[in-house]
There are 2 protein chains.
Amino acid sequence: MISSTAKYALRAIVYMAGQSDRYVNRSEISNATLVPHEYLLKVLNQLDAAELVESRPGPGGGYRLRRPADEITALEVVTAVDSIPRITECPLGLAEHEQLCPLHQLLDDAGKRVEEAFAEAKVSDLLSRKRSRTCEFPQKK
Amino acid sequence: MISSTAKYALRAIVYMAGQSDRYVNRSEISNATLVPHEYLLKVLNQLDAAELVESRPGPGGGYRLRRPADEITALEVVTAVDSIPRITECPLGLAEHEQLCPLHQLLDDAGKRVEEAFAEAKVSDLLSRKRSRTCEFPQKK
DNA sequence: GCTAATGTAGACACGGAGGTCGACATTGAT
DNA sequence: ATCAATGTCGACCTCCGTGTCTACATTAGC
């Protein structure tokens with residue numbers, strides 16, 4: 001449905017959201033979310049470019065959200081790393097088409113529904129209440 | 001949203017649906033849908049395994065639908081070649097979880113909505129009324 | 001039965017997403 | 001000013017979905 005990069009981004013963002021305002025370093029995020037440490041860098045870079053997180057180098061540095069968790073939608077996180085394919089015009093460029101062919105309409109509708117699902121969820125909605133048994137952050141073995 | 005293989009399958013099925021009961025050979029389907037001729041074979045094999053089409057070799061042979069177009073849903077076509085990822089249980093296998101973590105619930109919800117979109121559409125709904133300007137079958141140049 | 005049209009099958013090639021590695025740059029604490 | 005913790009960047013590797021190639025099997029028509 002979405003790329004694993006997008007899932008990584010969501011896990012990382014949700015983890016940071018659970019750590020209030022402190023800067024969290026990459027190793028800690030990687031340990032908690034099991035996103036590969038080096039790959040996490042690329043994900044965080046994209047989240048930074050999308051202005052969802054900010055970073056600070058040096059001891060005590062790391063990453064944190066730029067905005068409160070209830071003001072960030074899951075859709076923003078997903079689109080920061082992974083464009084959801086929407087079909088707004090005829091893929092053949094036939095300008096005369098007022099509307100898409102039924103098949104293209106269906107494909108676009110599927111994309112639209114996914115977009116809606118992610119747009120309706122705020123990051124704060126994704127925080128697990130009972131932390132002890134959360135499964136969104138897999139355990140390292 | 002779905003793989004290009006799934007889009008190929010939909011285009012091929014919709015094309016066959018527009019040819020009533022006659023057997024359509026692979027070259028004709030490939031020309032009409034611009035699905036690469038050799039790759040189309042693999043797609044058709046999967047559609048055959050899913051019992052959506054039947055084939056006949058020899059001169060005058062080819063492929064055709066096994067059931068009427070209004071009794072096949074787009075979801076059947078898509079799932080014949082491409083599983084839509086649903087999350088029915090905790091990915092960590094924590095049996096104690098009565099319900100999924102919020103994040104996994106969201107991901108599953110996205111998959112569910114896509115499934116619904118495709119389940120609601122029959123192949124017959126995807127046939128273009130005005131054939132002259134259809135864009136679902138790209139023109140070879 | 002022969003031939004041509006067609007489908008069948010498996011091995012191989014390509015490209016992009018996912019993932020790793022090593023050298024470098026920046027900052028906080030002392 | 002120095003050092004260590006941390007982030008930054010670019011090159012590389014790997015795997016799998018996509019797509020191609022070549023040889024083989026089956027059948028309609030004569």
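Note on naming: letters A, B, ... go to the chains in the order of the sequence lines (proteins, then strands), and numbering restarts at 1 for each one.
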**Study point:** Donor-acceptor contact below 3.5 Å, side chain A/Asp82 vs main chain A/Ser3
**Key:**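 Judged by distance alone, yes, a pair lies under 3.5 Å.
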Practice item. Output yes when a side-chain donor or acceptor of A/Ser30 lies under 3.5 Å from a complementary backbone atom of A/Arg26, and no otherwise. Key: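 No, A/Ser30 side chain to A/Arg26 backbone: no donor-acceptor pair under 3.5 Å.
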Check your understanding: Which pairs with one or both residues in residues 109-119 of chain B pass side-chain hydrogen bond (donor to acceptor under 3.5 Å, both in side chains), sequence neighbours excluded?
Key ->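 Every pair satisfying side-chain hydrogen bond (donor to acceptor under 3.5 Å, both in side chains) with a residue in residues 109-119 of chain B: A/Glu120-B/Arg113, B/Arg86-B/Glu115, B/Asp109-B/Arg113.
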Taking only distance into account, with no hydrogens and no angle test, what donor-acceptor pairs under 3.5 Å do side-chain atoms of residues 34-42 of chain B form with protein atoms, sequence neighbours excluded?
| from | atom 1 | to | atom 2 | distance (Å) |
| --- | --- | --- | --- | --- |
| B/His37 | NE2 | B/Ser27 | OG | 3.4 |
| B/Tyr39 | OH | B/Thr5 | OG1 | 2.7 |

Considering only nitrogen or oxygen atoms on both sides, find all protein atoms under 3.5 Å from nucleotides 3-6 of chain D and state each distance.
| from | atom 1 | to | atom 2 | distance (Å) |
| --- | --- | --- | --- | --- |
| D/dT6 | OP1 | A/Asn25 | ND2 | 3.3 |

Practice item. Output the distance between atom CG (B/Asp125) and atom CG (A/Leu103), rounded to the nearest 0.5 Å. Key: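 Between B/Asp125 CG and A/Leu103 CG, I get 11.5 Å after rounding to 0.5 Å.
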**Study point:** Distance (rounded to the nearest 0.5 Å) between A/Gln19 CD and A/Tyr63 OH
**Key:**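 Here the interatomic distance stands at 16.0 Å.
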Practice item. Evaluate the criterion side-chain contact (heavy atoms from CB on, under 4.5 Å) for residue pair B/Tyr8 and B/Thr33; output intermediate values, then yes/no. Key: CA-CA 8 Å; B/Tyr8 292 165; B/Thr33 61; over 6 Å; no
**Study point:** Sugar-phosphate, base or nothing in reach of B/Leu44, heavy atoms under 4.0 Å
**Key:**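 B/Leu44: no heavy atom of the nucleic acid under 4.0 Å.
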Atom pairs, protein N/O to nucleotides 18-20 of chain D N/O, distance under 3.5 Å:
| from | atom 1 | to | atom 2 | distance (Å) |
| --- | --- | --- | --- | --- |
| D/dT18 | OP1 | B/Ser4 | N | 3.1 |
| D/dT18 | OP1 | B/Ser4 | OG | 3.0 |
| D/dT18 | OP2 | B/Thr5 | OG1 | 2.5 |
| D/dG19 | OP1 | B/Tyr8 | OH | 3.1 |
| D/dG19 | OP2 | B/Tyr8 | OH | 2.7 |
| D/dG19 | O6 | B/Lys42 | NZ | 2.9 |
| D/dT20 | O4 | B/Lys42 | NZ | 3.2 |

**Study point:** Cluster overlap B/Ile84 with B/Val81, hydrophobic side-chain contacts below 4.5 Å
**Key:**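 Yes, same cluster.
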Check your understanding: In terms of hydrophobic clustering (I, L, V, M, F, W, Y; side-chain heavy atoms under 4.5 Å; direct or indirect links), are B/Leu52 and B/Tyr23 co-clustered?
Key ->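 Unlinked, B/Leu52 and B/Tyr23 end up in two clusters.
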Point to revise | Rounded distance (Å) that lies between atom P of D/dG10 and atom CG of A/Asn45 | key: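 In whole Å, D/dG10 P and A/Asn45 CG are 10 Å from each other.
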Review point. Can you name the residues that form a side chain to side chain contact (heavy atoms under 4.5 Å, CB included) with A/Asp48, not counting sequence neighbours?
Key: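 A/Asp48 satisfies side chain to side chain contact (heavy atoms under 4.5 Å, CB included) with A/Val53, A/Arg66 once adjacent residues are dropped.
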Practice item. Go through DNA chain C in 5' to 3' direction and return only the first and the last nucleotide with some atom under 4.0 Å of chain B's heavy atoms. Key: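 Contact boundaries, 5' end first: C/dA5 to C/dA11.
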